[in-house]
Amino acid sequence: MRSIRAAQALSSRTLLLSSRALHGAAAAAASTATSAGPGGRRLGAQPLPLSQAASSSSSRAMPGGIAGAVSFSLTFATMAAAEAKAKERPPLDLLPQNVVLYQYQACPFCNKVRAFLDYHDIPYKVVEVNPLSKKEIKWSEYKKVPILTVDGEQLVDSSDIINILQQRIHPDDKVSNEEEEKWRRWVDEHLVHVLSPNIYRTTSEALESFDYISKHGNFSFTERFAVKYAGAAAMYMVSKKLKKKYNIIDERASLYDAANTWMEALNGRDFLGGSKPNLADLAVFGVLRPIRYLRAGKDMVEHTQIGEWYQRMEDEIGQPSRIQE
């Protein structure tokens with residue numbers, strides 16, 4: 001809310017200054033026109049030297065320049081207000097510091113955490129973990145991702161991480177939203193389980209996913225090769241076991257059903273949270289983000305109505321808050 005008010009104040013100040021500048025320019029132009037004769041030359045005046053004439057011409061053109069500046073100012077203020085609206089950054093005294101996310105790029109649980117950090121405009125660094133060796137997290141007794149460190153404190157499990165951060169940046173929010181909690185559980189207990197059988201449905205889709213992972217990690221050539229091919233082969237086999245475990249008959253049908261279930265939950269609202277996303281919106285968006293532009297995600301958008309909601313979420317979250325190194 002503070003960022004919204006700041007943007008609104010910026011917009012008001014910009015409009016006021018621009019209005020004053022435009023009013024002053026208009027008055028100067030009117031004065032010039034009043035004292036000029038036919039053809040725009042001042043009555044009784046001598047022709048101006050070339051340098052002064054150029055200066056005078058520039059002055060007469062100023063109202064148009066100021067009008068352009070006003071247009072730019074309005075655009076800037078509008079963009080600033082939109083950016084503030086799209087981000088829900090906590091007050092500086094509550095903003096987590098020195099945040100590092102240990103992740104796999106395509107991990108749905110890691111993307112849940114990233115969606116939360118991005119939406120709240122919390123700057124964070126990323127350490128891409130090698131899914132085969134996991135050498136980047138050998139320092140931790142916890143051998144899964146995501147791991148989030150905040151000022152050296154280790155937080156684990158995506159939902160727990162989000163709960164802890166939410167409490168820290170919104171310490172006064174004590175009321176639990178039952179609908180929000182219901183759909184956050186649905187994400188963890190159902191939606192994520194239909195993703196792997198879809199992402200790794202075929203060997204070519206498994207390779208597509210791990211090609212993306214290998215290119216986004218800080219891996220050597222040998223590691224990239226191993227991650228892509230060994231990882232894809234392993235996850236292809238794992239996906240078949242998950243398909244059987246969760247009694248999934250048709251991978252795509254299960255994905256479409258999940259997308260349609262979510263759209264029914266929205267019941268015509270822009271977001272489950274109403275006019276703004278809540279934690280359930282961020283959870284669904286987060287776990288779907290790694291598949292959105294893979295074959296599975298493209299099929300999902302083509303065969304369901306979830307695409308418009310997903311685009312609204314992208315607009316609200318805006319640019320990632322990740323610190324590029």
Side-chain angles (χ1 to χ4, degrees), residues 1-10 80-101 103 108-124 146-192 261-289 309-310 312-323:
M1 291 300 296
R2 291 185 181 182
S3 60
I4 296 175
R5 288 194 293 269
Q8 290 173 338
L10 172 62
E83 177 66 14
K85 178 182 178 182
K87 294 284 190 179
E88 291 292 335
R89 193 172 202 181
L92 287 177
D93 59 326
L94 299 177
L95 186 69
Q97 304 294 318
N98 299 322
V99 179
V100 181
L101 175 64
Q103 66 154 28
F109 296 107
C110 299
N111 275 274
K112 272 176 58 183
V113 175
R114 283 171 47 204
F116 181 91
L117 295 172
D118 289 339
Y119 180 65
H120 291 91
D121 204 17
I122 299 172
Y124 62 97
I147 297 174
L148 191 76
T149 60
V150 182
D151 287 329
E153 179 187 0
Q154 176 180 280
L155 306 178
V156 300
D157 184 276
S158 61
S159 292
D160 289 345
I161 291 170
I162 290 169
N163 289 340
I164 292 170
L165 291 179
Q166 177 75 358
Q167 181 60 37
R168 289 184 182 181
I169 66 177
H170 297 293
D172 297 329
D173 292 353
K174 304 297 184 182
V175 179
S176 177
N177 185 314
E178 291 185 6
E179 182 185 41
E180 181 180 49
E181 290 300 321
K182 169 189 172 181
W183 288 102
R184 289 183 68 193
R185 288 194 301 271
W186 175 80
V187 171
D188 291 342
E189 297 170 4
H190 178 72
L191 181 58
V192 292
T261 296
W262 175 245
M263 294 309 296
E264 290 173 4
L266 296 181
N267 193 27
R269 293 172 289 183
D270 283 349
F271 308 102
L272 193 76
S275 61
K276 301 290 292 181
N278 63 14
L279 295 181
D281 288 290
L282 293 173
V284 176
F285 175 80
V287 301
L288 291 180
R289 183 153 62 174
W309 168 84
Y310 189 94
R312 288 195 295 271
M313 287 297 298
E314 279 195 328
D315 294 341
E316 286 288 317
I317 288 175
Q319 293 298 314
S321 301
R322 174 177 177 174
I323 301 171

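None of these values were measured; they are calculated from a predicted model. Quick note: residue numbers are just sequence positions, from 1.
- Partner V287 forms a side chain to side chain contact (heavy atoms under 4.5 Å, CB included) with one of S158, C110, P108 and no other, that one being P108.
- Side-chain atoms of H120 and P90, non-hydrogen and from C-beta on, do get closer than 4.5 Å to each other.
- Side-chain contact between W309 and R312 is present, with at least one heavy-atom pair separated by less than 4.5 Å.
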Next item on the list: Could you check E179 against K182 for salt bridge (Lys or Arg N to Asp or Glu O under 4.0 Å), going step by step and ending with a plain yes or no?
Entry: CA-CA 5 Å; E179 182 185 41; K182 169 189 172 181; over 6 Å; no
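- Between the side chain of R289 and the backbone N or O of G286 there is no donor-acceptor pair closer than 3.5 Å.
- Minimum interatomic distance between I161 and L155 (heavy atoms only, all atoms of both residues): CD1-O, 3.6 Å.
- The shortest non-hydrogen separation linking F285 to M313 is CD1-CB, 3.5 Å.
- Between I162 and R184 the shortest side-chain heavy-atom distance falls below 4.5 Å.
- Residues T261 and W186 have side chains in contact (heavy-atom distance under 4.5 Å, counting atoms from C-beta outward).
- For the atom pair CD (E189) and CG (L191), the distance works out to 12.0 Å, reported to the nearest 0.5 Å.
- The distance from atom CG of D281 to atom CG of L266, rounded to the nearest 0.5 Å, is 6.5 Å.
- With rounding to the nearest 0.5 angstrom, the CG atom of L148 is 12.0 Å from the CG atom of D160.
- Here the straight-line distance linking atom CD of Q103 with atom CD1 of I147 works out to 12.0 Å at 0.5 Å rounding.
- P96 is listed as a side-chain neighbour of I122, based on a closest heavy-atom distance under 4.5 Å.
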